[in-house]
2 protein chains.
Amino acid sequence: MNKKVSIKDIAQSVGVSTALVSYVLNNKEKEARVGKEIAQVIRDTAAEMGYQPNQIAKSLKTGKSHTFGLIVADISNPFFANLARNVEDEAKNFNYTVIFASADESPKKSQNLINILTERQVDGFIIAPAENSQDQIASILKSNIPLVLIDRYFKELETNYVVTNNYDASYNAVSHLIKAGHKNIGMIAYRTDLVHMLDRRRGYMDALKDNKQLKAKTPLIKTVDFDFTQDDVEAGIKELLTRNPSMDALFFATNTLTLKGLKALNNLNCKVPDDIAVVCFDESEAFDFFYSPLTYIEQPLLEMGKKAVQILIKNITDKKSANTQLSIPSRLVVRQSCGSGDR
Amino acid sequence: MNKKVSIKDIAQSVGVSTALVSYVLNNKEKEARVGKEIAQVIRDTAAEMGYQPNQIAKSLKTGKSHTFGLIVADISNPFFANLARNVEDEAKNFNYTVIFASADESPKKSQNLINILTERQVDGFIIAPAENSQDQIASILKSNIPLVLIDRYFKELETNYVVTNNYDASYNAVSHLIKAGHKNIGMIAYRTDLVHMLDRRRGYMDALKDNKQLKAKTPLIKTVDFDFTQDDVEAGIKELLTRNPSMDALFFATNTLTLKGLKALNNLNCKVPDDIAVVCFDESEAFDFFYSPLTYIEQPLLEMGKKAVQILIKNITDKKSANTQLSIPSRLVVRQSCGSGDR
DNA sequence: GTTTTCTTGTTAAACGATTAAGCATATATT
DNA sequence: AATATATGCTTAATCGTTTAACAAGAAAAC
């Protein structure tokens, strides 16, 4: 029972060929010169029979699935969850369905997801690429599947991408700390060669340099792995404090680093901003509730999501279209975690 | 160029029929009595040519897409984002791909998503149903598509579902407040008839009743719409305080209500827990950073996600299997927002 | 009164797989 | 030696669409 109704059923019921039904239901009556009355009859019985087109069959025939894959590090990370939501909404505007997947910064998982999605014939990819996934990305490029990188990209690869201006954002944030009078600014970052992280480090370094604050031989940066724990950050901060006991500010490179970092600071009995001032990348609901509301870098998630989709669709529609490389500025939201310089 | 390699290409290259290739590549050599040597040749050239099966074609033929839809209210809400991640992981264990979608608590959007996903031939649904979506759910049931409701369900519908025990969790949370000595406990909830919310209200009411705390003719509950603003909550709290100036505790029914609620309390200069104690449903990173770390109800997201997938798969595999209705207990995480009773 | 041109359809191949059924040969059984 | 069974592979239909190519009757053109 409850067999789904197909175009054939409608054709039979109306007494015409399936071709006619297909034309009508795809609004190709004009091109196919279908009679006005019969078109209406077809439409009516289709509605009456509760016809729902089989997209799978459609896709097989047309070679377009009207679907694309969004691969991020972790959909449960608020940064990616918000990005995903924006991507979802914009995709719907173009009648596209998106399949999300989490690669956990692992090239192995990433490759696996790419395979699965490719087999499902996605029309394109939006990917926040994991470290060491250049080859995978390159091979997507080679197989001519439309692709937009997001959040990060690879310098050596000619691709579309949409990122925030990590360098400027970091430069500004650290400059802000300097203007607030801090003289020994440390940084906690991820141990990775992904450009977004390198850019954030460069921004930090250059801000120090340009303000003649680069004293130590080794920069006051501590990195942790992607799967870091609370203890790792705490140890990191401790180490920085050992290397430079007069460290008076910290720049955190992401939201997750910040969250654990703040707890670490609490454990270490460091007061923000009096003992240590804080600025961080990304936002979090939590930042509002920290006793000293955090000054943070707000990424343009809505625009990034929208643009990524638009570029992807353009690429799907016209595979020969030139690459678009977008770097959208972030905004420094100044609150109270930097001390006197705030406000 | 770069045409995808199909089973036909392999067949041609090896010099056999497509049937043989299909059998081998699906590990049906035994049943199909394929020669050992030729099987190996087929496998090798398939690998060599970089064959990737076209799942679309496979789906069309087999009628199984190995895909299911997950419809939640909003994927950017941490509650749903975490749930989604757990669903994704468990689905992968069964080699299923999941398509997420956000319905924003709107029956209209929900119906639209159901249609889209049905046309895409998903093998099943996991849905956190929106209000007034009974008909949609019923029609999924009628068309015999496997379905598991999550987070909420409809009393009048015989479906699979996986929820937390909202009644008990609320009852316990409010009892905890009472034990802590609070005598005028208010509640902020959503204005909806969805069972999960009604159960949370019942839990609240019964806890008060059982402790002889139900004095006012109208319960000290204020509800807001799903698309509430910060101001709505603030107005709500104010109203409760007007109705009962000695209100000394608040029970928030969800994470989003709590987040705005805490800001409202700040605006109103209410100190937690001294002026107003607080307990809330769901968790949030933010709760750790509130000056008085919140006591909250931790939902069993991992288990809910896993179980929902398992039940769905069981239902897909055996459409005649009986409905499973799971109510998994939540845990009250006691911290400092309830005053003396904590610890 | 042919021929041409519209109109309004139909036919059938194709997309890339799966799989029941069939067809040779070779080997085993009696 | 005749029959039965195994073995190894092919044929062809099918899933639900799309769409180029063709057909046939009516109207228009000459």
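Just so it is clear: chains get the letters A, B, ... in the order the sequence lines come, proteins before strands, and each one is counted from 1.
- Between A/Thr18 and A/Lys8, it is A/Lys8 whose nearest contact on DNA chain D lies nearer the 5' terminus.
- Side-chain N/O atoms of B/Asn115 and B/Glu119 include no donor and acceptor closer than 3.5 Å.
- Annotation: B/Lys108, atom NZ; neighbour count of heavy atoms from other residues, nucleotides and ligands within 6.0 Å does not exceed 12.
- Counting distance only, with no hydrogens placed and no angle test, the side-chain atoms of A/Lys61 and the base atoms of D/dT17 include no donor-acceptor pair under 3.5 Å.
- The closest donor-acceptor contact from the side chain of B/Arg85 to the backbone of A/Asn77 lies at 3.5 Å or more, if one exists at all.
- For the 3.5 Å distance criterion, the side chains of B/Arg120 and B/Thr67 fail to qualify, holding no donor opposite an acceptor.
- In this structure, A/Leu60 reaches the bases: a heavy-atom distance under 4.0 Å links it to at least one base atom across the strands shown.
- Heavy atoms of B/Ser22 sit under 4.0 angstrom from at least one base atom.
- In summary, contact between chain A and DNA chain C, defined as any nucleotide atom under 4.0 Å from a heavy atom of the protein, begins and ends at C/dT7 to C/dG16 in the 5' to 3' direction.
- In this model, a donor atom of one side chain and an acceptor atom of the other lie less than 3.5 Å apart for A/Gln136 and A/Ser110.
- At the heavy-atom level, A/Leu20 lies under 4.0 Å from base atoms of the strands shown.
- Side-chain N/O atoms of B/Thr192 and B/Glu131 include a donor and acceptor closer than 3.5 Å.
- What separates CD of B/Gln12 from P of D/dT10 is a distance of 13 Å, to the nearest Å.
- B/Thr324 and B/Lys314 share a side-chain donor-acceptor pair at under 3.5 Å.
- Less than 4.0 Å separates DNA chain C from at least one heavy atom of each of the following residues of residues 24-59 of chain A: A/Arg33, A/Gly35, A/Ile38.
- B/Glu90 and B/Asn93 share a side-chain donor-acceptor pair at under 3.5 Å.
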